[in-house]
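Notes for the one structure printed next.
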Amino acid sequence: MTFAQVIDDVVRVFEGAGVAVLVVGFVVGFVRWGRTVASRRGNGATGANRRLRNDLGVAILLGLEILVAADIIRTVAVDPTLESVAVLGLIVAIRTFLSFSLEVEIEGVWPWRRGAALLGPGARSADSAG
């Protein structure tokens, strides 16, 4: 077995894990959503929908991170040509944008505003105190 074959097998394991995280996350999210909606009989569906969006977002974020790791391993270990590195850069840029967008969607606040959101309205953080 050559080095390239071993790395290819490792990458396939990472890709399988990434897909498994996505599938399991979707299934768990929809099961939790269904239980919440069924137990409340239509009352509080907004909260259940928000929770479903959060569950799905977290599953997608984790799955994307694992798939990016697989792409990095493949590119660095097997085929480190300029073209493959450029393709990897494009893939990582797209996935990073998706991850950033999902985090903003889940948190409901821009990353640079996260501290102020945790402190509450009217509060000032230590770094903004004059």
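Screening residues 86-95 for side chain to side chain donor-acceptor pair (under 3.5 Å) gives Asp71-Arg95 as the qualifying pairs, with residues at least two apart or on separate chains. Within the structure, every pair that satisfies the side chain to side chain donor-acceptor pair (under 3.5 Å) test and touches residues 17-35, not counting sequence neighbours, is listed here: Trp33-Asn49.
Summarising the geometry, atom CG belonging to Leu64 is positioned 7.0 Å from atom CG belonging to Leu22; distances are rounded to the nearest 0.5 Å. The structure places CG of Leu62 at 10.0 Å from OG of Ser99, a figure rounded to the nearest 0.5 Å.
Following chains of ILVMFWY side-chain contacts shorter than 4.5 Å, one can reach Phe30 starting from Leu102, so the two form part of one hydrophobic cluster. Cluster membership for Phe26 and Val37, using ILVMFWY side-chain heavy atoms within less than 4.5 angstrom, is shared. Under a hydrophobic clustering in which Ile, Leu, Val, Met, Phe, Trp and Tyr are joined whenever their side-chain heavy atoms come within less than 4.5 Å, directly or via other members, Ile91 and Ile7 fall into different clusters. Under the 4.5 Å side-chain heavy-atom criterion for Ile, Leu, Val, Met, Phe, Trp and Tyr, Val10 and Phe3 are members of the same hydrophobic cluster.
Shown here for Gly25 and Ala59, the closest heavy-atom pair between the two residues is CA-CB, 3.6 Å. Residue Phe14 comes nearest to Ile66 through the heavy atom pair O-CG2, 3.2 Å, listed as atom of the first residue, atom of the second, then distance.
More than 12 heavy-atom neighbours from other residues, nucleotides or ligands sit within 6.0 angstrom of CZ on Phe100. Around CG of Leu90, the count of heavy atoms belonging to other residues, nucleotides or ligands within 6.0 Å exceeds 12. In Glu83, the CD atom is not crowded: 12 or fewer heavy atoms of neighbouring residues, nucleotides or ligands sit closer than 6.0 Å.
Side-chain heavy-atom separations under 4.5 angstrom define the hydrophobic clusters, and the remaining members of the one that includes Val92 are Val68, Ile72, Val76, Leu88.
For Arg51, there are no salt bridge (Lys or Arg N to Asp or Glu O under 4.0 Å) partners two or more places apart in sequence or in a different chain. Applying the side chain to side chain donor-acceptor pair (under 3.5 Å) test to Asp8 and every residue at least two apart in sequence or in another chain returns Arg12. Taking Ser84 as the reference, Thr81 meet the side chain to side chain donor-acceptor pair (under 3.5 Å) condition, with sequence neighbours excluded.
Across Val58, Leu98, Leu61, a single residue satisfies side-chain contact (heavy atoms from CB on, under 4.5 Å) together with Glu103, and that is Leu61.
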